[in-house]
Amino acid sequence: MTHFAAVLLFALFASVVFGITQRETPQKMVRYGIYCFVLFTVSAIALSWAMFWIGR
Amino acid sequence: MGTTPNKIAADQKESSQGFVYLPLIAGWLVPGAGHFLLRKWGRGALLSASILGMFATGLAMQGKLYAGAHDILDVLGLAGDLGNGLLYVVSQLLGLGADQVRVTTADYGTRFIVVAGLLNVIAAVDAHNLRTGRKA
(Lines give C-alpha, C1' and ligand atoms only; values in the text may rest on other atoms or scores of the structure.)
Protein backbone atom coordinates (compact mmCIF):
# COMPACT_ATOMS: atom_id res chain seq x y z
CA MET A 1 0.00 0.00 0.00
CA THR A 2 1.38 3.42 -0.93
CA HIS A 3 1.51 6.26 1.57
CA PHE A 4 -1.07 8.21 -0.42
CA ALA A 5 -3.47 5.26 -0.43
CA ALA A 6 -3.04 5.05 3.35
CA VAL A 7 -3.85 8.77 3.62
CA LEU A 8 -6.99 8.34 1.51
CA LEU A 9 -8.17 5.35 3.55
CA PHE A 10 -7.52 7.17 6.82
CA ALA A 11 -9.39 10.25 5.55
CA LEU A 12 -12.32 8.14 4.35
CA PHE A 13 -12.81 6.20 7.58
CA ALA A 14 -12.34 9.21 9.85
CA SER A 15 -14.63 11.40 7.72
CA VAL A 16 -17.47 8.87 7.82
CA VAL A 17 -17.32 8.74 11.64
CA PHE A 18 -16.99 12.53 11.98
CA GLY A 19 -19.89 13.14 9.58
CA ILE A 20 -22.26 10.77 11.39
CA THR A 21 -21.36 11.79 14.92
CA GLN A 22 -20.97 15.56 14.55
CA ARG A 23 -24.14 16.43 12.59
CA GLU A 24 -27.82 15.65 13.09
CA THR A 25 -29.50 15.33 9.69
CA PRO A 26 -28.39 12.96 6.91
CA GLN A 27 -27.84 15.81 4.45
CA LYS A 28 -25.61 17.70 6.89
CA MET A 29 -23.77 14.46 7.73
CA VAL A 30 -22.89 13.89 4.08
CA ARG A 31 -21.78 17.49 3.56
CA TYR A 32 -19.65 17.52 6.71
CA GLY A 33 -18.17 14.11 5.85
CA ILE A 34 -17.13 15.33 2.39
CA TYR A 35 -15.75 18.54 3.94
CA CYS A 36 -13.63 16.55 6.40
CA PHE A 37 -12.40 14.18 3.67
CA VAL A 38 -11.30 17.07 1.44
CA LEU A 39 -9.67 18.85 4.38
CA PHE A 40 -7.74 15.72 5.43
CA THR A 41 -6.55 15.02 1.89
CA VAL A 42 -5.67 18.58 0.89
CA SER A 43 -3.84 19.30 4.15
CA ALA A 44 -1.83 16.04 3.81
CA ILE A 45 -0.78 16.99 0.27
CA ALA A 46 0.04 20.58 1.28
CA LEU A 47 2.10 19.48 4.30
CA SER A 48 3.91 16.88 2.19
CA TRP A 49 4.92 19.51 -0.36
CA ALA A 50 5.94 21.87 2.47
CA MET A 51 8.19 19.20 4.00
CA PHE A 52 9.60 18.41 0.55
CA TRP A 53 10.60 22.04 -0.06
CA ILE A 54 11.92 22.54 3.48
CA GLY A 55 14.01 19.35 3.19
CA ARG A 56 15.65 20.35 -0.09
CA MET B 1 -54.48 13.25 14.08
CA GLY B 2 -54.97 12.56 17.78
CA THR B 3 -52.46 9.76 17.82
CA THR B 4 -49.41 11.95 17.10
CA PRO B 5 -49.09 13.48 20.61
CA ASN B 6 -49.74 10.04 22.08
CA LYS B 7 -47.03 8.55 19.91
CA ILE B 8 -44.56 11.25 20.94
CA ALA B 9 -45.42 10.71 24.60
CA ALA B 10 -45.02 6.95 24.15
CA ASP B 11 -41.63 7.44 22.47
CA GLN B 12 -40.49 9.71 25.30
CA LYS B 13 -41.65 7.19 27.88
CA GLU B 14 -39.91 4.38 26.02
CA SER B 15 -36.67 6.39 25.77
CA SER B 16 -36.65 7.06 29.50
CA GLN B 17 -36.92 3.37 30.36
CA GLY B 18 -34.14 0.82 30.61
CA PHE B 19 -30.44 1.13 31.25
CA VAL B 20 -29.34 4.46 29.80
CA TYR B 21 -25.69 3.48 29.44
CA LEU B 22 -26.36 0.27 27.49
CA PRO B 23 -25.78 1.84 24.01
CA LEU B 24 -22.59 3.49 25.30
CA ILE B 25 -21.17 0.23 26.65
CA ALA B 26 -22.37 -1.88 23.70
CA GLY B 27 -20.98 0.68 21.26
CA TRP B 28 -17.62 0.60 22.99
CA LEU B 29 -17.42 -3.20 23.11
CA VAL B 30 -18.61 -3.76 19.51
CA PRO B 31 -18.26 -0.92 16.95
CA GLY B 32 -21.70 0.23 15.79
CA ALA B 33 -23.61 -1.90 18.29
CA GLY B 34 -24.83 1.15 20.23
CA HIS B 35 -26.54 2.51 17.13
CA PHE B 36 -27.94 -0.92 16.24
CA LEU B 37 -29.55 -1.10 19.69
CA LEU B 38 -31.25 2.23 18.95
CA ARG B 39 -32.36 0.90 15.54
CA LYS B 40 -30.18 3.34 13.64
CA TRP B 41 -29.24 0.63 11.17
CA GLY B 42 -27.64 2.79 8.48
CA ARG B 43 -25.52 4.86 10.84
CA GLY B 44 -24.50 1.76 12.78
CA ALA B 45 -23.46 -0.10 9.63
CA LEU B 46 -21.38 2.83 8.36
CA LEU B 47 -19.71 3.36 11.74
CA SER B 48 -19.05 -0.36 12.12
CA ALA B 49 -17.58 -0.65 8.61
CA SER B 50 -15.37 2.41 9.10
CA ILE B 51 -13.99 1.41 12.50
CA LEU B 52 -13.55 -2.25 11.60
CA GLY B 53 -11.97 -1.20 8.30
CA MET B 54 -9.51 1.09 10.00
CA PHE B 55 -8.62 -1.51 12.63
CA ALA B 56 -8.19 -4.26 10.01
CA THR B 57 -6.10 -1.98 7.79
CA GLY B 58 -3.87 -1.23 10.76
CA LEU B 59 -3.36 -4.94 11.44
CA ALA B 60 -2.74 -5.61 7.73
CA MET B 61 -0.01 -2.95 7.80
CA GLN B 62 1.64 -4.93 10.63
CA GLY B 63 0.72 -2.32 13.20
CA LYS B 64 1.60 -2.84 16.83
CA LEU B 65 -0.96 -3.55 19.55
CA TYR B 66 0.10 -1.93 22.82
CA ALA B 67 0.20 -4.58 25.54
CA GLY B 68 1.72 -2.60 28.40
CA ALA B 69 2.70 0.88 29.41
CA HIS B 70 6.42 1.52 29.76
CA ASP B 71 6.36 5.29 29.23
CA ILE B 72 3.83 8.08 28.76
CA LEU B 73 3.54 7.53 24.99
CA ASP B 74 2.80 3.84 25.58
CA VAL B 75 0.09 4.82 28.07
CA LEU B 76 -1.56 7.04 25.44
CA GLY B 77 -1.26 4.32 22.80
CA LEU B 78 -2.71 1.73 25.14
CA ALA B 79 -5.61 4.06 25.99
CA GLY B 80 -6.35 4.49 22.29
CA ASP B 81 -6.13 0.75 21.65
CA LEU B 82 -8.50 0.00 24.54
CA GLY B 83 -11.10 2.17 22.79
CA ASN B 84 -11.52 -0.71 20.33
CA GLY B 85 -13.25 -2.75 23.05
CA LEU B 86 -13.58 -6.45 22.25
CA LEU B 87 -11.64 -6.02 19.00
CA TYR B 88 -8.55 -5.28 21.06
CA VAL B 89 -9.15 -8.15 23.49
CA VAL B 90 -9.79 -10.71 20.73
CA SER B 91 -6.79 -9.51 18.73
CA GLN B 92 -4.56 -9.83 21.77
CA LEU B 93 -5.87 -13.32 22.48
CA LEU B 94 -5.28 -14.37 18.86
CA GLY B 95 -1.80 -12.88 18.90
CA LEU B 96 -2.55 -10.46 16.06
CA GLY B 97 -0.52 -7.31 15.55
CA ALA B 98 3.23 -6.93 15.64
CA ASP B 99 5.22 -6.88 18.88
CA GLN B 100 7.65 -4.35 17.46
CA VAL B 101 7.55 -1.92 14.57
CA ARG B 102 9.90 -3.36 11.93
CA VAL B 103 8.81 -1.73 8.67
CA THR B 104 7.81 1.84 7.80
CA THR B 105 4.17 1.02 7.12
CA ALA B 106 3.88 -0.64 10.53
CA ASP B 107 4.22 2.77 12.14
CA TYR B 108 1.20 3.96 10.15
CA GLY B 109 -0.60 0.73 11.00
CA THR B 110 -0.06 1.37 14.70
CA ARG B 111 -1.66 4.82 14.32
CA PHE B 112 -4.57 3.34 12.37
CA ILE B 113 -5.30 0.97 15.26
CA VAL B 114 -5.08 3.74 17.88
CA VAL B 115 -7.28 6.10 15.86
CA ALA B 116 -9.83 3.30 15.25
CA GLY B 117 -10.14 3.05 19.03
CA LEU B 118 -10.59 6.80 19.43
CA LEU B 119 -13.21 6.90 16.66
CA ASN B 120 -15.02 4.02 18.36
CA VAL B 121 -15.21 6.03 21.59
CA ILE B 122 -16.67 8.99 19.65
CA ALA B 123 -19.25 6.66 18.06
CA ALA B 124 -20.17 5.14 21.45
CA VAL B 125 -20.65 8.60 22.98
CA ASP B 126 -22.83 9.53 19.99
CA ALA B 127 -25.01 6.46 20.67
CA HIS B 128 -25.30 7.57 24.30
CA ASN B 129 -26.35 11.07 23.20
CA LEU B 130 -29.00 9.56 20.93
CA ARG B 131 -30.24 7.40 23.80
CA THR B 132 -30.56 10.31 26.22
CA GLY B 133 -32.21 12.53 23.61
CA ARG B 134 -29.37 15.05 23.55
CA LYS B 135 -29.08 14.38 19.83
CA ALA B 136 -31.88 13.65 17.34
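What you see is a predicted model; the values in this text were computed from it and never measured. Reminder, nothing fancy here: chain letters follow the sequence lines and each chain counts from 1.
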Does one hydrophobic cluster hold both [X] and [Y], with members joined at side-chain heavy-atom distances below 4.5 Å?
X	Y	value
A/V7	B/V103	no
B/F112	B/F55	no
A/F40	B/L118	no
B/V90	B/L78	yes
B/L119	B/V125	no

Looking only at heavy atoms, the pair that brings A/A6 and B/M61 closest together is CB-CE, 4.1 Å

If you take all heavy atoms of A/F18 and B/I122, which pair is closest and at what distance?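 For A/F18 and B/I122, the tightest heavy-atom pair comes out as CE2-CD1, 4.0 Å.
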
Hydrophobic cluster partners of A/V42 (side-chain heavy atoms under 4.5 Å): A/V30, A/I34, A/V38

Listed pairs under 3.5 Å, donor-acceptor, residues 63-76 of chain B side chains, sequence neighbours left out:
from, atom 1, to, atom 2, distance (Å)
B/D71, OD1, B/L73, N, 3.0
B/D71, OD1, B/D74, N, 3.0
B/D74, OD2, B/H70, N, 3.4

Using only distance, no hydrogens or angles, which N or O donor-acceptor pairs sit under 3.5 Å between chain B and chain A?
from, atom 1, to, atom 2, distance (Å)
B/K135, NZ, A/I20, O, 2.8
B/K135, NZ, A/T21, O, 3.2
B/K135, NZ, A/R23, O, 3.2

Check each atom of B/V115 against the heavy atoms of chain A and say whether the ones under 4.5 Å are side chain, backbone, both or neither.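 Contact with chain A: side chain only.
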
Which answer fits B/L130, side chain, backbone, both or neither, if we ask what part of it has an atom under 4.5 Å from a heavy atom of chain A?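 B/L130 has no heavy atom closer than 4.5 Å to chain A.
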
Output every pair passing ring-ring contact (aromatic ring centres under 6.0 Å, His included) with a member in residues 85-105 of chain B, not counting sequence neighbours, ordered by first then second residue.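 Not a single pair qualifies under ring-ring contact (aromatic ring centres under 6.0 Å, His included).
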
